[in-house]
Each structure stands twice: as C-alpha cells, then as structure tokens.
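Following: one structure in structure tokens, then a few remarks.
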Amino acid sequence: AVGYVLADSEFAARGATAYFWVSLNLCGIVFEMTYGKRLVSKVRFASPVWGLVFYTNVLAFLPMLLMASGGSEAESFLQAETSPAGLVWLALSCVVGA
C-alpha cells in the first residue's frame, strides 16, 4: 500500500487529501459492517446459515426492484442475448449455489 501511494501521481499532486473520500468510504463500510453484525447477532434464526442470507435478500429486494424499474433494466434484460452454453452455466451455478 505504501508503494502504491508513493507511485500515485494524484497523491504527489494533492497530498493526503487525495484519499479523503476513499478513507471516508472505508470508515463508513467498517462502521456499517460492524454495526450490522452487532444487530443481527442478537437475532435467532431457525437456520443460522440461511437465515441471515434470506433476511438480507428480503430487505434488499424492494430497493433493487425500484432501481431496476427506474433504470429500464427490464428492457435490457429482454434484449440480452443468451446461448445454450450460457444457460447451462447459469443452471449449473444455481444448482451449486443451492
């Protein structure tokens, strides 16, 4: 990491302020993950492995649906080109992931 910073032209031009937003984002992610882990560690799921995954996916479904409908993802999905080999890999990944 130190080598990257020393070789970064933006760091040479602006100094440590070049990494302000990156550092702020990193701190936000660390807080979010730590706080989220604390919140869900107190919840008891019937299936400890799938419970948290299911809970996260249910919470994310509506915002993602709204973003997809607002961003014209349906048209892009319908125009996507598929191949038999691609469908086989998709089905295989669904089976392995289940």
Side-chain angles (χ1 to χ4, degrees):
V2 173
Y4 175 81
V5 170
L6 294 176
D8 186 15
S9 62
E10 190 70 21
F11 180 75
R14 294 180 49 207
T17 59
Y19 291 102
F20 173 74
W21 290 112
V22 174
S23 301
L24 191 65
N25 186 27
L26 178 64
C27 291
I29 290 172
V30 168
F31 173 76
E32 172 195 7
M33 294 300 211
T34 306
Y35 187 65
K37 182 71 172 178
R38 181 175 174 186
L39 286 177
V40 298
S41 67
K42 297 178 182 177
V43 178
R44 299 291 174 228
F45 296 105
S47 173
V49 175
W50 290 106
L52 185 56
V53 173
F54 182 71
Y55 178 69
T56 304
N57 289 342
V58 166
L59 286 177
F61 181 73
L62 184 61
M64 290 302 292
L65 186 64
L66 293 173
M67 288 174 57
S69 64
S72 68
E73 289 294 322
E75 292 85 13
S76 299
F77 177 74
L78 294 174
Q79 294 173 358
E81 296 179 21
T82 58
S83 67
L87 293 175
V88 166
W89 283 110
L90 176 64
L92 183 63
S93 69
C94 290
V95 169
V96 170

Legend entry - Results of side-chain contact (heavy atoms from CB on, under 4.5 Å) for L66 - residues two or more places apart only: L62
Legend entry - For V30, side-chain contact (heavy atoms from CB on, under 4.5 Å) partners two or more places apart: L26, T34
Legend entry - Side chain to side chain, L24 and W21, heavy atoms closer than 4.5 Å: yes
Inset, instruction - Treat each ILVMFWY residue as a node, draw an edge where side-chain heavy atoms are under 4.5 Å apart, and state whether V96 and W89 are in one component. - result: yes
Legend entry - Where A60 and P63 come nearest, the two heavy atoms and their spacing: O-CD, 3.4 Å
Legend entry - ring pair (Phe, Tyr, Trp, His ring centres under 6.0 Å) against F20, all qualifying residues, sequence neighbours excluded: none
Inset, instruction - Taking ring pair (Phe, Tyr, Trp, His ring centres under 6.0 Å) as the test, write out the residues that go with F31, two or more places apart. - result: Y35
